[in-house]
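Contents: one structure, followed by commentary.
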Amino acid sequence: MYSFFNGLVKIKESASHLKPSEQKVANYIINHPQEILDLSISKLAKVCKVSEATIIRMCRSLGFKGFKELKLNISASLSMNETLNTKYEDISELKYFTEVKHIVDFVTINNLKSIENTLSIIDYGAVEQAINILDSARKIDVYGVGASGVIAIDVEQKFARINRWCQAYPDNHGQLTSAAHLTDKDTVLAISYSGETQEIIDSIKIAKQNGAKIISLTKYGKSRITQMADVCLFASSLEKSIRSGAMASRIAQLNIIDIIYTGVASKNYEEAVKYLESTRKSIKNRK
């Protein structure tokens with residue numbers, strides 16, 4: 001199912017970062033995905049009133065080799081959506097939930113769709129790089145504010161259980177203070193769904209100046225944080241507004257965290273099992 005990146009997800013999450021003329025094409029594709037499959041590049045250029053060169057540049061900006069590859073990805077996206085038969089919905093008014101089952105289905109489908117979309121755009125090479133960098137790090141700093149700060153604390157808890165020096169900093173002063181003392185033996189995991197959180201940008205600038213490796217976890221697409229990162233990990237949720245309170249994006253990001261944590265633990269299986277067992281024994285009487 002995931003032999004292709006999800007073309008529609010990539011376009012939707014990256015459209016705002018494209019040039020105005022490229023955005024015209026991207027928006028047309030988002031609104032007419034089925035129609036695109038039957039259009040040649042010249043016909044699409046005519047419909048959007050842009051040059052063929054603009055369409056080619058847009059394709060490359062999105063990470064596709066050309067228009068043909070983009071169409072293949074859109075075709076795969078449409079097939080995937082038909083198979084899943086679900087779509088992301090934002091929070092609705094209570095009157096639309098006539099019974100608790102509707103709320104259960106509503107939230108669960110959103111979370112599942114977010115993870116599915118994330119899996120469809122995942123870069124396995126970047127995941128492997130992130131695992132190797134984290135595995136070799138002397139110290140792992142995790143930066144995130146707001147909802148991302150909650151995820152940062154989850155990262156700290158996970159890596160602490162396998163005896164890795166990992167600290168979460170959900171406040172900017174803590175981030176800046178720690179970043180000032182990092183070295184080229186250390187790594188920062190910078191979490192920001194928007195990729196534009198100013199506090200995180202300020203902190204990783206200092207960490208990068210000190211030689212620390214930067215791994216970013218953001219939504220798909222270019223951002224100021226991804227441009228500073230050595231490795232970029234992406235999560236997808238396509239939340240429609242702030243009303244959803246970073247619910248589906250949080251689930252998608254936590255899924256990525258679980259993946260890289262499992263990767264690090266698996267590279268050191270016997271050692272990880274030993275530490276997990278000693279951790280379990282130390283807290284079992286507290287439950």
Side-chain angles (χ1 to χ4, degrees), residues 2 5-6 9 13 111-112 114-145 147-170 175 178-179 182 184-195 197 200 203-204 207-208 212-221 223 225-237 246 248-276 279:
Y2 302 105
F5 280 161
N6 190 320
V9 171
E13 297 207 351
N111 288 340
L112 287 172
S114 181
I115 292 174
E116 293 277 5
N117 280 344
T118 296
L119 186 55
S120 74
I121 61 170
I122 201 164
D123 182 338
Y124 294 102
V127 171
E128 185 175 6
Q129 276 186 281
I131 289 170
N132 290 334
I133 290 172
L134 291 168
D135 180 49
S136 61
R138 178 186 72 105
K139 182 191 180 189
I140 302 168
D141 268 10
V142 193
Y143 301 160
V145 297
S148 295
V150 176
I151 299 170
I153 293 169
D154 180 76
V155 178
E156 179 188 282
Q157 186 269 343
K158 281 184 168 65
F159 279 87
R161 293 192 66 196
I162 56 174
N163 198 31
R164 293 302 177 102
W165 187 9
C166 178
Q167 285 188 262
Y169 294 92
Q175 294 163 11
S178 181
L182 296 179
D184 58 3
K185 295 181 175 63
D186 304 318
T187 297
V188 172
L189 176 57
I191 305 172
S192 166
Y193 185 67
S194 69
T197 307
I200 305 298
S203 300
I204 62 177
K208 198 171 181 68
K213 292 280 195 304
I214 310 297
I215 299 172
S216 64
L217 176 53
T218 67
K219 69 177 181 179
Y220 184 82
S223 65
I225 288 178
T226 60
Q227 289 173 334
M228 297 171 67
D230 297 289
V231 178
C232 301
L233 303 176
F234 298 110
S236 171
S237 76
S249 60
R250 173 177 51 86
I251 293 297
Q253 289 176 315
L254 285 171
N255 189 59
I256 294 293
I257 295 304
D258 286 351
I259 289 168
I260 57 176
Y261 163 74
T262 301
V264 172
S266 297
K267 282 176 69 71
N268 307 273
Y269 177 74
E270 291 185 6
E271 182 182 70
V273 168
K274 180 185 72 174
Y275 286 128
L276 287 168
T279 302

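Bear in mind that the values here come from a model prediction, so they are computed numbers and not experimental data.
From D184, atom CG reaches atom CZ of R138 across 9.5 Å, with rounding to the nearest 0.5 Å. Rounded to the nearest 0.5 angstrom, L134 CG and K267 NZ are separated by 11.0 Å. Atom SG of C232 is separated from atom CD of Q129 by 9.5 Å, given to the nearest 0.5 angstrom. Atom CG of L254 sits about 9.5 Å away from atom OG of S249, to the nearest 0.5 Å. To the nearest 0.5 Å, atom OH of residue Y261 and atom CD1 of residue I131 are 12.5 Å apart. In this structure, CZ in F159 is found 10.0 Å from CG in D154, a value given to the nearest 0.5 Å.
Checking each of T187, I140, V188, V142 against I215 for a side-chain contact (heavy atoms from CB on, under 4.5 Å) leaves exactly one that passes, namely T187. Across I257, V231, I133, a single residue satisfies side-chain contact (heavy atoms from CB on, under 4.5 Å) together with L189, and that is I257. S192 pairs with exactly one of I225, L217, T226 by the side-chain contact (heavy atoms from CB on, under 4.5 Å) rule, that one being I225.
Residues T118 and I251 are not in side-chain contact: their nearest non-hydrogen atoms beyond the backbone lie 4.5 Å or more apart. Within the 4.5 Å cutoff, side-chain heavy atoms of T218 are placed close to those of F234. Side-chain atoms of N117 and Y220, non-hydrogen and from C-beta on, never get closer than 4.5 Å to each other. Taking the side chain as every heavy atom from C-beta outward, Q253 and L233 never approach each other to under 4.5 Å.
The backbone N or O of M228 lies less than 3.5 Å from a partner atom in the side chain of K208, making a donor-acceptor pair. Here the side chain of S223 pairs a donor or acceptor atom with the backbone of G195 at under 3.5 angstrom. Judged by distance alone, the side chain of D186 and the main-chain N or O of K139 form a donor-acceptor pair under 3.5 Å.
The heavy-atom pair separating A179 from S203 by the smallest distance is CB-O, 3.5 Å. When all heavy atoms of S236 and S114 are compared, the pair lying nearest together is O-OG, 2.7 Å. Between G149 and P170 the shortest heavy-atom distance is CA-CB, 4.0 Å. Of all the heavy atoms in D230 and K213, the pair that sits closest is OD2-CA, 3.4 Å. Looking at every heavy atom in both residues, A152 comes nearest to G144 through CB-N, 4.3 Å.
Of the N and O atoms on the side chains of K274 and N163, not one donor lies less than 3.5 Å from an acceptor on the other residue.
Counted within 6.0 Å of CD on Q157, heavy atoms from surrounding residues, nucleotides or ligands total more than 12; the atom is thus considered enclosed.
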Step-by-step side-chain contact (heavy atoms from CB on, under 4.5 Å) determination, R164 to N268: CA-CA 11 Å; R164 293 302 177 102; N268 307 273; 3.1 Å; yes
Please determine whether side-chain contact (heavy atoms from CB on, under 4.5 Å) holds for the pair Y143 and I191, giving the CA-CA distance in whole Å, both sets of side-chain angles, and the decisive distance to 0.1 Å. CA-CA 6 Å; Y143 301 160; I191 305 172; over 6 Å; no
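Scored by the side-chain hydrogen bond (donor to acceptor under 3.5 Å, both in side chains) test, N255 finds no partners at all (sequence neighbours excluded).
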